[in-house]
Amino acid sequence: MSSELFYQSITSLAAQLAAKKLTAVELTQAVIARTKAVDSRVQAFNSYDEADALAQAAASDSRRAAGQARGPLDGIPIGLKDVIAVAGQPLTASSKMLANFVSPYDATVTRKLKEQAGAVVWGRLNCDEFAMGSSNENSAFRPVRNPWDLTRVPGGSSGGSAAALAAGEAIATLGSDTGGSIRQPAALCGTVGLKPTYGLISRYGLIAFASSLDQIGPFARTVEDAALVLGAIAGHDPLDSTSFQAPVPDYRSELAAKKGPWKLGIPKEYFAEGLDPEIGAAVEAAIAFYKKQGCEIKEVSLPNTQSCLDTYYIIATAEASSNLARYDGIRYGHRSKSATDAIDIYAKSRAEGFGAEVKRRIILGTYVLSSGYYDAYYLRAQKVRTLIRQDFLHAYKEVDALLTPTSPIPAFKLGEKSDPLALYLCDIYTIGVNLAGLPAMSVPCGFTKSGLPIGLQLIGQPFQEANLLAIARSYEQAHDWHNQHPSL
Ligand code: GLN
């Protein structure tokens, strides 16, 4: 474990805070200093407010001095993807459309982190515009760079959340995952990333991309840290009607209790053409590890895998075209200065405010919903979505969880993939999970010969995050990948 404060885990820092060997202000200062030292190269932050973070940290220290510390996250700096609202702070979705927007309220996850857990909410992290992308190059402001190799992408769309954590600019971060946007950047930056079951976490205050797919989730240095953050943000919220009504387990203590061995499925469709051989070998080694631990390994089939990409790009774009209709230059965001009447305000504001990928999605989504095409595309995609979910539920009759690579390729060079389709293929192993509403995570499982991180994806059963975390933890405890850091 690194001795640098900014590279330590929440559990380690929480112990030092509890023992009064460290203050939240000292920790926050270390994270701020690290951010100032490296972020001109990493470009993970869209904005941050030092004074505000230090004030939150000072409040945490006063609580602790009064014997009122709120638990392991109290005083821990946690960065948020710039699609999650923080009252009084900018909220841009990395879009020109919202470049000057300040959020009037906190998202539910923000409120829970601040008020219930006592965390220091630290900065707003760069991402692909409106969370659409797999490389962070769609940010309207600047791309994020991968801390392991600054000439490469960090993945996306939550690239800033992954890169900031990997670079020591936060102790944990939150991202959002609609088709892989937490797991894929976690894999490319060598962090843990968890996309919870649809409905586990409130999306109130999350800028909507595709509402039947979007979930918020944590990036963390260790599986246990991810369990802690998950526990702090999960649970029913009357402000999000899709949030599930069920008690939130204590994920950390469940981690200790669940020991396996588990039955693990290997979906054969996920090991086909297009998988980088070094990633394939790292994932095979992880499978061999589980086998040695006494887990039963079974090949399973998810026959509709080949339809996932098409289905996703119909449903996600349809929902995006509807969600993004609100950016009309009147109620929210950018308003064109050259517009002359109401229709002109809509047209010009949207033309000027949205980037190329966002426009592409709106056009695609409007097309698949238009009369005459609705049945042929949107309705059919909904039916295929049901088949995709059934594939997973069928596999879960035989196994507890699935093991796959997270991304078919390691971090690629900035600018290397200019064809949108080539970028859409980055999500080939992650989008089925969103269509099926399942929980899944990426954990570090090695490095390529050129030193780029590799991620192992574990896919769990609905609302069985505790099992999923325990399976991931058993791998992490026997490996040292998560303790390695980029030299910046
Ligand atoms: N890369 C996918 C897309 O561009 C997923 C994005 C996400 O999960 N937010 O839509």
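The figures that follow rest on heavy atoms only: side chains count, while hydrogens, waters and symmetry mates do not. Order of listing sets the numbers, starting from 1, for every ligand and every atom in it.
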Arg221 side chain to His482 backbone, donor-acceptor under 3.5 Å: no
Under the side-chain contact (heavy atoms from CB on, under 4.5 Å) rule, collect the residues that match up with Lys348, sequence neighbours excluded. Ser336, Ser338, Asp344, Glu352
Does any N or O in the side chain of Asp177 come within less than 3.5 Å of the main-chain N or O of Gly180, such that one atom is a donor and the other an acceptor? yes
Who passes side-chain contact (heavy atoms from CB on, under 4.5 Å) against Ser158, sequence neighbours left out? Lys81, Ser161, Ser181, Ile182, Pro185, Phe219
The answer, listing residues by chain and number that come under 4.0 Å of ligand 1 through any heavy atom, is Ala131, Met132, Gly133, Ser134, Ser157, Asp177, Thr178, Gly179, Gly180, Ser181, Phe209, Tyr312, Tyr313, Arg361, Asp427
Holding to side-chain contact (heavy atoms from CB on, under 4.5 Å), I want the full list of residues that pass it with Asp419, two or more places apart in sequence or in another chain. Leu421, Ala422
Could you check whether any side-chain heavy atom of Tyr377 comes within less than 4.5 Å of a side-chain heavy atom of Tyr367, counting everything from C-beta outward? yes
